[in-house]
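Read through the structure below, which is laid out as structure tokens, and then see the notes.
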Amino acid sequence: MKRLLLFSALLAFGLAFAQGPARADIRIIVVSHGSAADPFWSVVKNGVDQAAADMGVSVEYLAPEIFDMPRMAHLIDAAIAARPHGLVVSIPDADALGRSIRAAVAEGIPVISMNSGSDVFQGLGVLRHVGQTEYEAGFGAGQRMAAAGVTIAICVNQEVGNVALDLRCQGFQDGLGEGASTSVLAVGTDPVEVRSAVMAALSANPDIDGVLALGPLGAEPTIAALEQIGRLGQVVFGTFDLSPLILETLVAGNMAFAIDQQQYLQGYLPIVFLTLYIQYGLLPGSEVILTGPGFVTPETAAQVIELAARGIR
Amino acid sequence: MATRAKPITDERVRKVGIVNKLLSRPELGAVVGAILVFAFFSLVAGDRGFLSSRGIVSWLEVSAQLGILAVAVSLLMIGGQFDLSIGSMIAAAGMVIAISVVVYGWPMWAAILLAFAFAGLVGFINGYLVNRTGLPSFIVTLALLFVLRGATIGFTRLITGRTQVPGLHPQAEGDWLAFLFSGTLFGLPVSIYWWLALTILATWILLRTRFGNWIFATGGDPEAARNAGVPVQRVRIILFIGTAVAATIFATLQVLAAGSADVARGRLKEFEAIIATVIGGTLLTGGYGSAIGATFGALIFGMVQQGIFFTGVNTDWFQVFLGVMLLIAVLVNRYIRHRATVAK
């Protein structure tokens, strides 16, 4: 009898090892560059928390209070010292964070990146990236506008030189195709200046029928500009990212689409992937798992407003 | 007949035992506070990574970076002044290095030396303004906090069109001066060695040199000091240059670690440095304090800031925890100093 018990105990023990730790024992740490006080990132954190609850694992979310790369590197170092089963990071600056991320990989901790770093994560030894890639998102926007019949478009870029934004405009141009002509309208971040610049561009060339903004900083003054010259609702107008004003404009039908990178997924999916990898060694085949572009249209805007109030979009 | 002369004892002078001598030192409170904080985190989070070698390095590094600032700030505060501009100085110095290297192609060592020269200038301006106008240094350095930060943002955007300047890691390779500010030695980051060296230097200056006496005098009673022949104005300027140089050392370490400079760096560091200094036993009114205390204050701060994470407390509550622990550390500090200095 004793032998039987011993044998079954050993068998169970061995089986436990064969399939990795039990979910309740798994500990994952998320280090991102956006504090949970930021409305964008609080959606990400909600995704993380929900995934932890759904998967039955314990997850800690760390972020510096302000955008602070050295502090984030320290947080990653501390995370490594805590020896979690898995690590999720965002990589807004590979130079500043590279050393810490490589150290995590060298310690044998599986790392998945999200939100930023889609072009650098492989070089650091990170397994997968979950996020929206700028070029593909711009390309999707261009395709949508081409389908709406746009032939002359402008891309309102409030930070020329920011690689991510430049890629969006580049993708947009390619997505529109050869039949259309696109130009980049370089502006600053001051809302009054952006509005004047857009008004000037549209008045100088009345044939422009498509406008793409790269975020609320560019979109909101553009809405004001279009209103002022009376062309709101007459051009095909799209933007990246959501804001209350953008959602309102969508509901009113004056905007064609807003591109939502669905950051809830950027918090949710890495936890799921890491849990399954830690337990069974499973990993999705594609290196980058795209969470966007998620197009919010006038039809879906109302539902998105309600979800935004719940911290899901 | 020569007899060995008996040492003259004055029965009016009470003999103070060595234990009591130690207990009345200004840094005692900070040392006890540090031991308590360390014990707390070791008990609660020791097996969760706080006591692992990586964990220790992680909080030591945070302490070291703050300690570099706190030690210089403690000298200034003992001298009776505040410097609120060091946070902005960190960003400015970092940007001076980055722009010189990336935009103007200077070699890294020249850029670093330029940043230190710039620090000397800023420190001189701070000290000169305080001396000439007689305004509280709180106000003068607060003004410079804004001026420096604004100038950093303005010049950086003017020259580069962005607020961050990356691309420094390749330029730092093989540079003889950058080598002193980056990397690790025997497994410890170089910032820890800078911290220890500056602590030893500041303590030596404070306790063993005439200049140290002048610092205490200038902070204790500037009028009496001046009447006694202490060059109060010169002391102030040198102390302000000291804090600006410490900010530049911090900036150089940070810029070389991150490989980039950012106009937003260093925010709130001036307050953290003051907190560490006050925890370390330095009075806000000047004339009393210790650089070793400031170092232990920085140690407490680093242990708390990194250690909170190891306890698994939900990240949303970090700042509450930080504030409460700091309050407790200062209260313990004051209690111990009170017990130790009360006449027995």
Give a yes or no on whether B:Tyr193 atom OH has more than 12 heavy-atom contacts from other residues, nucleotides or ligands under 6.0 Å away.
yes
Residue pair A:Asp93 / B:Ser260, side-chain heavy-atom distance below 4.5 Å:
yes
Between A:Asp77 and B:Ser58, the two heavy atoms sitting closest are CB-CB, 4.3 Å
Contacting region of B:Asp47 [heavy-atom separation from chain A under 4.5 Å]
neither
Applying side-chain contact (heavy atoms from CB on, under 4.5 Å), run through A:Asp68 and B:Arg267 and close with a yes or a no.
CA-CA 9 Å; A:Asp68 187 346; B:Arg267 269 221 294 257; over 6 Å; no
Just how far is it from atom CG of A:Leu62 to atom CZ of B:Phe309, taken to the nearest 0.5 Å?
5.0 Å
Between B:Gln164, B:Gln305, B:Gln65, who has the most heavy-atom pairs with chain A when the cutoff is under 4.5 Å?
B:Gln305
Evaluate side-chain contact (heavy atoms from CB on, under 4.5 Å) for A:Met69 paired with B:Gln254, printing each intermediate quantity in order.
CA-CA 10 Å; A:Met69 282 302 100; B:Gln254 206 182 50; over 6 Å; no
Locate the shortest heavy-atom distance separating A:Ala81 from B:Gly55; write the atom from each residue and the value.
CB-N, 3.2 Å
Pick whichever of A:Ala103, A:Ser58, A:Ala78, A:Ala73 has the most heavy-atom pairs under 4.5 Å with chain B.
A:Ala78
Test item: A:Glu107 and B:Arg54 side chains (from C-beta on) under 4.5 Å apart, heavy atoms
yes
As a quick check of understanding, evaluate side-chain contact (heavy atoms from CB on, under 4.5 Å) for A:His74 and B:Trp59, giving each step before the final call.
CA-CA 8 Å; A:His74 282 140; B:Trp59 51 259; over 6 Å; no
Begin with the C-alpha distance, continue with both residues' side-chain angles, and end with the deciding distance and a verdict on side-chain contact (heavy atoms from CB on, under 4.5 Å) for A:Arg99 and B:His169.
CA-CA 11 Å; A:Arg99 188 188 56 92; B:His169 275 146; over 6 Å; no
For atom OH of A:Tyr277, decide whether the heavy atoms of other residues, nucleotides or ligands shown that lie under 6.0 angstrom number more than 12.
no
Non-hydrogen atoms of chain B under 4.5 Å away: do they reach the side chain of A:Leu97, the backbone, both or neither?
neither
Counting only heavy atoms not in A:Arg83, do more than 12 fall under 6.0 Å of its CZ?
no
Under a 4.5 Å cut-off applied to non-hydrogen side-chain atoms, are A:Arg71 and B:Arg265 in contact?
no
Does B:Phe155 have more than 12 heavy atoms from other residues, nucleotides or ligands lying within 6.0 Å of its CZ?
no
